[in-house]
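Okay, so here's the structure we're looking at.
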2 protein chains.
Amino acid sequence: MARRNDHTREELREMALASAERIIAQEGLAGLSTRKVATAIGYSVGALYTLFSNLDDLCWQLNERTLSCLMAAIKEVDETDPVACLQGCARIYQAFAEQYPERWRLLFEHRSNTDNPLPDQLSTRIGGLFEHIDGCLARLYPRIDRHERQLRSRILWSGIHGLTQLEHSNKLFLPDAMTAEDIRIHLIDSLLAGWDKESHHA
Amino acid sequence: MARRNDHTREELREMALASAERIIAQEGLAGLSTRKVATAIGYSVGALYTLFSNLDDLCWQLNERTLSCLMAAIKEVDETDPVACLQGCARIYQAFAEQYPERWRLLFEHRSNTDNPLPDQLSTRIGGLFEHIDGCLARLYPRIDRHERQLRSRILWSGIHGLTQLEHSNKLFLPDAMTAEDIRIHLIDSLLAGWDKESHHA
DNA sequence: AGGTGATTTTGAACAGCGTTCAGTATACTA
DNA sequence: TAGTATACTGAACGCTGTTCAAAATCACCT
């Protein structure tokens, strides 16, 4: 009972990815399987393999969408003050991980066994995120050179990411009356305070 | 052909965990399976289930060993200067993740579907790590209160952990002539510089 | 030494997984 | 309408974690 033209191939791809996102949101990463996705879009397993080369490929495309979605949210941060902009980006990042915990996990835990560690599309998007942070830092510290700015953006991003992951996996051991939000704010404050000191790495 | 007294149950457990560590070191996390571990120790699959309640349990016990190993390495850092001590701990942490990448991944990626997010033993060990960082900070800033010290230790640990994970998953996008080591050192320097300013969160 | 009960170990079995591919049903073309 | 190209199916393969009746061995008692 083969069919045809029920949907465009692009539509099918979209349906499959959307279904996959729903599945991992409801059942977790471990609940994702080709058979479930196929059933969800009303096709057989084999049909999925005409849309994606394999489950690995589907996961990478999921990550593409996730990162695209995250970047869009971050770029909506509209603050004139660069400090507020950095805090806003970090807040969005943390909120995103909380809203889509399984997609966020996939973003960092998925990797292929062979070949390149990251597909090019994904690399480009991550590069874009760093450039965005770089932009804030350039406004904050117009006199520092490119190298120092790149260093600082990676320090910032490492801290925010680490905080988000530790919190998300219950490894932050927050004392009473301390939230991950407190830590995020103070993390950025502390770093900027350190960089405001003229004496630091002239 | 059942046997007995070939090994103590504790010996068997040890053999199984050691084999599992070797398997994931050689074949990656995805290569770990109950049948492989059973074959490696010369027993059948069923026998494994008298040592561990399931694969989940085995993974938690692996994490127990990994964290114990990591803590031992960190506690060997013997620096009188608290700043050097913090830098040393961070260096060890990063080096450990590089030496045992798959075990380190398991430590942060493994989680059970149900019940408690973390076994108690593991929680205790993580708590110990925070206390160790807290100790360094107490020597550095004897005048700040407990709450502020806990806040700072979590900021530090978040940064180091995030940096390590991003580097380890090729998501740090290091420019030429910049290493993860540079970032680690500057991360700590910057934070401490921020905290040295009297004006900050008195 | 022989028997008996407790304990340890086996391995077949089950359901589910990713992946492949010969075959079938449909749509387009001539 | 016949033929061809395309879309799709679903059984099959080898793998996975997990269970459990049966088998093999040990420890002990007579």
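Remember, predicted model here, so these are calculated numbers, not experimental data. Just so we're on the same page: letters track the sequence lines, and every chain starts at 1.
Aromatic ring centres of A:H161 and A:W104: separated by under 6.0 Å. Remark: aromatic rings of B:F52 and B:W60 are distant, center separation not under 6.0 Å.
Where A:G46 and B:S53 each meet DNA chain D at their nearest nucleotide, the meeting point lying more 5' is that of A:G46. When each of B:L12 and A:N54 is assigned the nucleotide of DNA chain C bearing its nearest heavy atom, the one mapping closer to the 5' terminus is B:L12.
The distance from atom CG of B:L55 to atom C1' of D:dT18 is 11 Å, rounded to the nearest whole Å. Residue A:E10 contributes atom CD, which lies 14 Å from atom P of D:dA7 at whole-angstrom precision. Between the NE2 atom of A:H110 and the P atom of C:dG18 there is a distance of 12 Å, given to the nearest Å. Rounded to whole angstrom, the span from the OH atom of B:Y49 across to the C1' atom of D:dT16 amounts to 9 Å. D:dT19 atom C1' lies 18 Å from atom CZ of B:F52, rounded to whole Å. Rounded to whole Å, atom P of D:dA7 lies 14 Å from atom CD of A:E11. Summarising the geometry, the separation between CG on A:L48 and P on C:dT20 is reported as 13 Å, rounded to the nearest angstrom. Rounding to whole angstrom units, NE2 of residue A:H7 and C1' of D:dT6 are separated by 18 Å.
Residue A:A47 has its side chain nearest to D:dT9 when only D:dT9, C:dT19, D:dG17 are considered. Nearest nucleotide to the side chain of B:K36, out of D:dG17, D:dT16, D:dA7: D:dT16. The side chain of B:S33 sits closest to D:dG17 out of C:dG18, D:dG17, D:dG10. The listed nucleotides are D:dC8, D:dT18, C:dT19; the one nearest the side chain of B:R35 is D:dT18.
For A:T50, no side-chain nitrogen or oxygen approaches OP1 or OP2 of D:dA7 to under 4.0 Å. A sub-4.0 Å separation between OP1 or OP2 of D:dC8 and a side-chain N or O of A:S44 is absent.
Under 4.0 Å is where a charged nitrogen must lie from a carboxylate oxygen, and between B:R65 and B:E14 at least one such pair does.
Here the closest heavy-atom approach between residue A:I133 and residue A:S153 is recorded as CG2-CB, 3.7 Å. Considering all non-hydrogen atoms of both residues, B:L192 and B:L86 come closest at CD2-CD1, 4.2 Å.
Among the heavy atoms of the strands lying under 4.0 Å from B:L32 are primed sugar atoms or P, OP1, OP2 only; no base atom is included.
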